[in-house]
Amino acid sequence: MIKKLTAFTFLTLLSTFGFCQNLDAEIDKIYQVEDNTPGFSILVSKGENTLVEKQYGISNLDYDIPITNKTVFDIGSIAKQFTAYAILLLEEQGKLSIKEPAYKYINNLPQYQKGNPTIEQLLNQTSGIKEVDGIAGIVDLGRNDLLTQSQMMNFITKTTSLNFKPGEYFQYTNSNYILLADIVTKVSGKSFANFMQEDVFEPFGMENTIKKSSTYSIIKNRAIGYVKDESSFYKTHLHAFIYNGDGQVLTTAKDMLKWHIGLQNVKKLSPELYNKMHTKAKLNNGNTINFGLGVEFETYNNYQAFGFDGMILGGFVSKYLYFPELDMMFFTTQNTFDSDFEDQFFKLVNLYIPKNNFNNETKNSRKVKKVKLSKKNLKLYEGSYLFTGSDVETIKTNTIQLKNNELTVLTIDGEEITRLQPIGNNQFMFNDKLVVFDIESNKKSYRYYDSENQLPWLFKEYNPTTYNEKQLKEFEGQYFNADFQISKKIKLIDGKLFVFSRNGAWKNEIIPLDKDAFDYSSDLITFLRDNNNSIVGLKIIDVLFKKI
């Protein structure tokens, strides 16, 4: 009965738009672009039938080339779906098992103290392997520098610790899928690009899809990526990123429909493969996460949906979303970076899918009861706290002070962020997020839980520190990392400390935070001392530099 009602509502909406002959006009309003600006390619389908396919704007501003249905866009992380499918295809062929430890197929991957991630845990983003993206900047590589698979693998395998025990939390990283690409290459005996072309794209009929594998290749009809700064657009295309597995795939809206239809055929012909890919993963504690094997799950208008998002600072944003109950697929891609793109995307969805009032979900909201703490007890939690970042997260600092009998969270500049609501047992609500304090240890700290299934952010108490010029001079010197053959020089200039890198071409001031800890372009740089209190090295994220 529910399906009949929702289908009836759906058909009623379509017929209403069809009668008014204004559906195209409504879509045009959503994706309206100015002259000579980047734009969009969009496609909506039901079953195998295309309901709408439209393009807007310019693919290349240098030559004023309009976006057409043949324009290929870099779809960012949506490429992870193809990588996941490739792994499952190799498993179906009996060449591997996703239950096996990943190190079995990856040269030099550490056997970690916290446990060895399986291939499946790479696929469902529960491996605990640290994000690789931030390391490139630390070793002096910028967005215009060549980044290859071997370089990225070197970065990952030289990081010898995990963020958590495999399967303990969900943490999305590109590292997992870069590693998976290496497994595809080793097991198939083909280059990753060739395997994707011959065993994935061609069988699915994706004639205009390519895995970028060279900075010099001609890719016909390629859109250039842009970013907007005030009123002007600037090219920000990442031509030199050619590593594998997590992205670097260019395609069209039509080919994404072929991918989608192909997956539905896989569901019929290889149901075990399809179901593995499209089943929500579980953590060690039994909690279900909204991620499968290369598939993200979400709910919209009370309908279940799955797909993937792709956002890259190279100037592209894409989203693929399928509503199985309605057999409807939506895909949009654009060649300008926009972090708020989902609002636009779901305006498109709303034209086709009304809210399903027959499938209301009961949300598991956290039921909390505020407790009253004495002023003396509240003061125990006061202090300055520092989040040093996990992977690509940047440094965050805040101060917690008692004001008007409430714990107030302030920025380092004294602006109020929120007020903590005590709920007992060292626990507080930070707006709608849980915060748990540890005030018994030598150094106070608190954990901020953005989600119960994700690794919490650990904030440690620190003492904001300043140095005089004589004290700053102690940090001067040359520091060297043997793994990556990279050095950094630290020099005092006019009372300020600077890090010189790339043979002196780059210079960044570092700002004191805590004792021996500085803010280095939103990364934490920590100086290391020996038993004689002499500085012997420094560490940025997990990259160690020895003083020479």
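- Using a 4.5 Å heavy-atom cutoff, the side chains of I67 and F73 are in contact.
- Between K186 and D182 no salt bridge is recorded (no basic side-chain N to carboxylate O distance below 4.0 Å).
- A centroid separation of less than 6.0 Å is found between the aromatic rings of Y322 and F306.
- Geometrically, K546 does not engage F480 in a cation-pi contact defined by less than 6.0 Å to the ring centre and at most 45° from the axis.
- With rounding to the nearest 0.5 Å, the separation of CG in N116 from NZ in K114 is 13.5 Å.
- No side-chain donor from either of D483 and Q485 sits under 3.5 Å from a side-chain acceptor of the other.
- No donor-acceptor contact under 3.5 angstrom links the side chains of K80 and T83, judged on distance only.
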**Asked** Where do S161 and K130 land on the side-chain hydrogen bond (donor to acceptor under 3.5 Å, both in side chains) test, with the steps shown first?
**Response** CA-CA 8 Å; S161 63; K130 298 185 177 184; 3.1 Å; yes

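- Between Y274 and H278, the angle of the ring planes stays under 30°, which puts this pair in the parallel group of the 30/60° scheme.
- Interatomic distance, I135 CD1 to I540 CD1, rounded to the nearest 0.5 Å: 11.0 Å.
- Using modelled atom types and a 3.5 Å distance limit, the side chains of N124 and T126 yield a donor-acceptor pair.
- Between Y31 and F40, the gap from one ring centroid to the other is short of 6.0 Å.
- Side-chain contact between L524 and F387 is absent, with no heavy-atom pair separated by less than 4.5 Å.
- The residues D145 and R502 are annotated as salt-bridged, a charged nitrogen and a carboxylate oxygen being separated by less than 4.0 angstrom.
- One finds a salt bridge joining D62 and K235 here, because a Lys/Arg side-chain nitrogen approaches an Asp/Glu carboxylate oxygen to under 4.0 Å.
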**Test log, rule salt bridge (Lys or Arg N to Asp or Glu O under 4.0 Å), inputs D327 and K46** = CA-CA 6 Å; D327 197 15; K46 181 166 177 63; 5.7 Å; no

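- Within the 4.5 Å cutoff, the side chain of L51 has no heavy atoms near those of the L43 side chain.
- Separation of the F204 and Y85 ring centroids falls under the 6.0 Å cut-off.
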**Request:** Test salt bridge (Lys or Arg N to Asp or Glu O under 4.0 Å) on R222 and D74 and set out the steps.
**Result:** CA-CA 8 Å; R222 171 160 52 177; D74 188 327; over 6 Å; no

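- Inspection of the K211 and N244 side chains reveals an N or O donor paired with an N or O acceptor under 3.5 Å.
- To the nearest 0.5 Å, atom OG of residue S270 and atom CG of residue N265 are 10.5 Å apart.
- The six-membered or imidazole ring of W259 lies away from that of F201, with a centre-to-centre distance of 6.0 Å or more.
- Judged by distance alone, the side chains of E100 and Y105 do bring a donor and an acceptor atom under 3.5 Å apart.
- The closest donor-acceptor contact from the side chain of S217 to the backbone of I219 lies at 3.5 Å or more, if one exists at all.
- Taking the six-membered ring where tryptophan is involved, the planes of F500 and F498 are tilted, since the angle between them lies from 30° to 60°.
- The aromatic ring centres of Y300 and F346 sit less than 6.0 Å apart.
- For K280 and F297, the positive end sits near the middle of the six-membered ring, less than 6.0 Å away and at most 45° from its axis.
- Salt-bridge formation is detected for the pair E91/K276: a Lys NZ or Arg NE/NH1/NH2 atom is positioned less than 4.0 Å from an Asp or Glu carboxylate oxygen.
- The aromatic ring centres of F316 and F337 sit 6.0 Å or more apart.
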**Asked** Checking side chain to side chain contact (heavy atoms under 4.5 Å, CB included) for the pair L257/F331: CA distance, chi angles, key distance, verdict?
**Response** CA-CA 8 Å; L257 176 60; F331 175 74; over 6 Å; no

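- Residues E48 and K258 are not paired through a salt bridge, judged by the lack of any N-O separation under 4.0 Å between the basic side chain and the carboxylate.
- K158 has no carboxylate O lying under 4.0 Å from a charged side-chain N of D542, or vice versa, which leaves the two without a salt bridge.
- No side-chain donor-acceptor contact under 3.5 Å links Q55 and T68.
- Between the side chains of D255 and T209, a donor-acceptor pair is found at a separation under 3.5 Å.
- Looking at heavy atoms from C-beta onward, I27 lies in side-chain contact with Y56 at the 4.5 angstrom threshold.
- At a cut-off of 3.5 Å, with distance as the only test, no side-chain donor of N221 or T71 sits close to an acceptor on the other residue.
- In summary, the aromatic rings of Y112 and Y103 are positioned with their centroids too far apart to meet the 6.0 Å limit.
- Within the 4.5 Å cutoff, no side-chain heavy atoms of M311 are placed close to those of L313.
- Here the side chains of D309 and K319 are in contact, with some heavy-atom distance below 4.5 Å.
- With rounding to the nearest 0.5 angstrom, the CG atom of D64 is 4.5 Å from the CD1 atom of I58.
- Ring-centre distance between F164 and Y169: below the 6.0 Å cut-off.
- Side-chain atoms of E168 and N284 include no donor-acceptor pair closer than 3.5 Å.
- Residue T215 comes nearest to A240 through the heavy atom pair CG2-CA, 3.6 Å, listed as atom of the first residue, atom of the second, then distance.
- Remark: L123 CG to M277 CE distance equals 9.0 Å, nearest 0.5 Å.
- Between the CD1 atom in I178 and the CE atom in M152 there is a gap of 4.0 Å [rounded to 0.5 Å].
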**Message:** Show, in sequence, the C-alpha distance, side-chain angles and deciding distance for N144 and H239, and conclude whether the side chain to side chain contact (heavy atoms under 4.5 Å, CB included) test is met.
**Reply:** CA-CA 7 Å; N144 294 317; H239 289 289; over 6 Å; no

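- Under 4.0 Å is where a charged nitrogen must lie from a carboxylate oxygen, and between D338 and K228 no such pair does.
- Of all heavy-atom pairs spanning M328 and V44, the tightest one is CE-CG1, 3.8 Å.
- The two residues V139 and I486 have their closest heavy-atom pair at O-CD1, 3.5 Å.
- Considering all non-hydrogen atoms of both residues, T185 and S191 come closest at OG1-C, 4.2 Å.
- In this structure, N176 and Q121 have side chains that are not in contact, with every pair of non-hydrogen atoms separated by 4.5 Å or more.
- Contact detail for Y172 and S77: the closest heavy-atom pair is OH-OG, 3.0 Å.
- Ring-centre distance between F475 and F527: below the 6.0 Å cut-off.
- Side-chain N/O atoms of D229 and S232 include no donor and acceptor closer than 3.5 Å.
- In this structure the side chain of L23 reaches within 4.5 angstrom of the side chain of L351, judged on heavy atoms.
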